[in-house]
A.B. asks: 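This is the structure, below, for whatever I ask next.
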Amino acid sequence: MAVEFFPVSRIRRLFDKLLRRLGIGGRDGLSPASAVESAYARWAPVYDWVFTAPLIAGQRAAAREANRHAGELVEVGVGTGLSLPLYDPSLSITGIDLSKPMLARARDRIRRKKLKNVAALRAMDASQMDFQDARFDIATVMYVVSVVPDPAAVLKELERVVRPGGTVIIVNHFASERGVLAAIERFLARFAENLGWDPLFPREKVLANTSMVLESESRHGPFGLFTMMVFRR
Ligand SMILES: C[S@@+](CC[C@H](N)C(=O)[O-])C[C@H]1O[C@@H](n2cnc3c(N)ncnc32)[C@H](O)[C@@H]1O
């Protein structure tokens, strides 16, 4: 009998059990979009509790960058609206998300924080946005490109809805090439379906699918886990 020095299968079973306890596991047989909706319906009640601390640095960096510009901003995959209070009051913000339970939390936040600069929150698929061409001056897309079933379609839509000369800000974790992080990502990738994102998402998947000009790239958050890319449309 082979002895497992590092009990991967045992850890995997325990992790799976934990996700199911949290109500986050088990979405077999769903289409990719329904699977995302199902995952985030389950994440919505605990999302802020679990993700505020790890994600805030990237959200702050993106909002800081967005606040250097003026006009209409679309936040794609706005989720529970964690970043909404970070935008300058002079910007007019539209948030979209596929998940209605996540949007309901964002609405609560707008009410609680009395935010006046959020013009609309809409349930919408980022790969088929219901906006006219060049409608926005700025787009922010935080922790979303590795979640959507078709990132190339989302990038194409971003190019369409942001005006020429406008700004597109993408924040995400991209796959590490080596080291401890790469090992953790490979482990987490086994749960990609249940987690609702792809821990092995490569940064090339963004760069190869856009003709926008990459103006800057910087690292944020714990251990520089998250990358912010700023594009000129
Ligand atoms: C990891 S959360 C990030 C939420 C938020 N941007 C933040 O920083 O906390 C990913 C969000 O993307 C949304 N999402 C996934 N696929 C989508 C799609 N095709 N169109 C719009 N939103 C989508 C999910 O519902 C979820 O709210």
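Indexing begins at 1, ligand by ligand and atom by atom, following the structure's order.
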A.B. asks: Are any of the N/O atoms on Ala126, whether in the backbone or the side chain, positioned under 3.5 angstrom from an N/O atom of ligand 1?
C.D. replies: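 Between Ala126 and ligand 1, an N or O pair is found under 3.5 Å apart.
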A.B. asks: If we only count heavy atoms from C-beta on, is the Leu98 to Tyr40 side-chain gap below 4.5 Å?
C.D. replies: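 Answer no - side chains too far apart.
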A.B. asks: Distance under 4.0 Å to a non-hydrogen atom of Asp125: what atoms of ligand 1 satisfy this?
C.D. replies: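 Those of ligand 1 that fall under 4.0 Å from Asp125 are 18 (C), 19 (N), 20 (N).
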A.B. asks: So, taking the atom named OH in Tyr47 and the one named CZ in Arg105, what distance separates them when rounded to the nearest 0.5 Å?
C.D. replies: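 Going from the OH atom of Tyr47 to the CZ atom of Arg105 covers 12.5 Å.
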A.B. asks: Can you tell me if Val148 has a non-hydrogen atom under 4.0 Å from ligand 1?
C.D. replies: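 It does; at least one heavy atom falls under 4.0 Å.
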A.B. asks: Any chance the side chains of Thr167 and Arg233 put a donor and an acceptor closer than 3.5 Å?
C.D. replies: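 Distance-only check fails for Thr167 and Arg233.
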A.B. asks: Using a strict 4.0 Å cut-off to heavy atoms of Gly79, name the atoms of ligand 1 that fall inside it.
C.D. replies: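 Heavy-atom distances to Gly79 below 4.0 Å select 4 (C), 27 (O).
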A.B. asks: Find all atoms of ligand 1 within a distance of less than 4.0 Å from any non-hydrogen atom belonging to Met124, and give their numbers and elements.
C.D. replies: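 Heavy-atom distances to Met124 below 4.0 Å select 20 (N), 21 (C).
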A.B. asks: Where does Val144 meet ligand 1, judged by heavy-atom distances below 4.0 Å: at the side chain, the backbone, both, or neither?
C.D. replies: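 Just the side chain.
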A.B. asks: Pairs of nitrogen or oxygen atoms closer than 3.5 Å, one from Met142 and one from ligand 1: do any exist?
C.D. replies: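 Among all N and O atoms of Met142, at least one is under 3.5 Å from an N or O of ligand 1.
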A.B. asks: Geometry only, no angles: is Gly77 polar-contacting ligand 1 at N/O separations under 3.5 Å?
C.D. replies: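 Yes, since at least one N or O of Gly77 sits under 3.5 Å from an N or O of ligand 1.
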A.B. asks: Can you list the atoms of ligand 1 that are under 4.0 Å from a heavy atom of Val36?
C.D. replies: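 Those of ligand 1 that fall under 4.0 Å from Val36 are 15 (C), 16 (N).
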A.B. asks: Are side-chain heavy atoms of Phe51 and Thr80 found at a separation under 4.5 Å?
C.D. replies: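 No, side chains not in contact.
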A.B. asks: Counting C-beta onward and ignoring hydrogens, is there a side-chain heavy-atom pair between Leu82 and Asp48 closer than 4.5 Å?
C.D. replies: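 Yes, side chains in contact.
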A.B. asks: Is the side chain of Arg107 donor-acceptor paired with the backbone N or O of Leu121 at a distance under 3.5 Å, no angle test?
C.D. replies: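 The answer is yes, because a donor-acceptor pair under 3.5 Å joins these two groups.
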A.B. asks: Ligand 1 versus Leu98, non-hydrogen atoms closer than 4.0 Å: side chain, backbone, both, neither?
C.D. replies: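 For Leu98, the contact with ligand 1 is made by both the backbone and the side chain.
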A.B. asks: Hey, are Ser83 and Glu75 close enough side-chain-wise for a donor-acceptor pair under 3.5 Å?
C.D. replies: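 Side-chain D/A pair, Glu75 to Ser83: present.
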A.B. asks: Provide the number and element of each atom of ligand 1 under 4.0 Å from a heavy atom of Ser99.
C.D. replies: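 Atoms satisfying the 4.0 Å criterion: 25 (O).
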A.B. asks: Evaluate the side-chain proximity of Leu158 to Met129: yes if any heavy-atom separation is below 4.5 Å, no if none is.
C.D. replies: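 Counting from C-beta outward, Met129 and Leu158 do come under 4.5 Å.
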A.B. asks: Does an N or O from Tyr143, backbone or side chain, lie closer than 3.5 Å to an N or O of ligand 1?
C.D. replies: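 It does not: no N or O of Tyr143 is found under 3.5 Å from an N or O of ligand 1.
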A.B. asks: Which ligand 1 atoms does Val147 reach within 4.0 Å, using its non-hydrogen atoms?
C.D. replies: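 Contacts of ligand 1 toward Val147, numbered from 1: 15 (C).
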A.B. asks: Give a yes or no on whether a salt bridge exists between Glu159 and Lys156, defined as a side-chain N under 4.0 angstrom from a carboxylate O.
C.D. replies: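 No salt bridge links Glu159 with Lys156.
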A.B. asks: Any idea which atoms of ligand 1 are less than 4.0 Å away from a heavy-atom of Met102?
C.D. replies: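 With Met102 as reference, the close atoms of ligand 1 come out as 27 (O).
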A.B. asks: For Gln128, does the CD atom have more than 12 heavy-atom neighbours from other residues, nucleotides or ligands under 6.0 Å away?
C.D. replies: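 Not buried by this count: 12 neighbours or fewer within 6.0 Å.
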A.B. asks: Between Ser127 and Asp125, is any side-chain donor less than 3.5 angstrom from a side-chain acceptor?
C.D. replies: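 Asp125 and Ser127 do have a side-chain donor-acceptor pair below 3.5 Å.
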A.B. asks: Heavy-atom contact check, 4.0 Å cutoff: does Glu37 meet ligand 1?
C.D. replies: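 The answer is no, since Glu37 has no heavy atom less than 4.0 Å from ligand 1.
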A.B. asks: Identify, with sequence neighbours excluded, every residue that meets salt bridge (Lys or Arg N to Asp or Glu O under 4.0 Å) alongside Arg111.
C.D. replies: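 Once residues adjacent in sequence are excluded, the partners of Arg111 under the salt bridge (Lys or Arg N to Asp or Glu O under 4.0 Å) criterion are Asp108.
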A.B. asks: Hey, does Tyr40 come in under 3.5 Å of ligand 1, counting only N/O atoms on both sides?
C.D. replies: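 No, no N or O pair falls under 3.5 Å.
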A.B. asks: Hey, looking at atom 25 (O) of ligand 1, which of Asp48, Asp97, Thr52, Val78 has the closest heavy atom?
C.D. replies: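 The residue whose heavy atom sits nearest atom 25 (O) of ligand 1 is Asp97.
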A.B. asks: Before signing off on this row, confirm whether Tyr47 and ligand 1 have an N or O atom pair separated by under 3.5 Å.
C.D. replies: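 Yes - when backbone and side-chain N and O of Tyr47 are compared with those of ligand 1, one distance drops under 3.5 Å.
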A.B. asks: If you measure from each heavy atom of Trp43 to ligand 1, is any distance below 4.0 Å?
C.D. replies: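 Outside the 4.0 Å threshold, so no.
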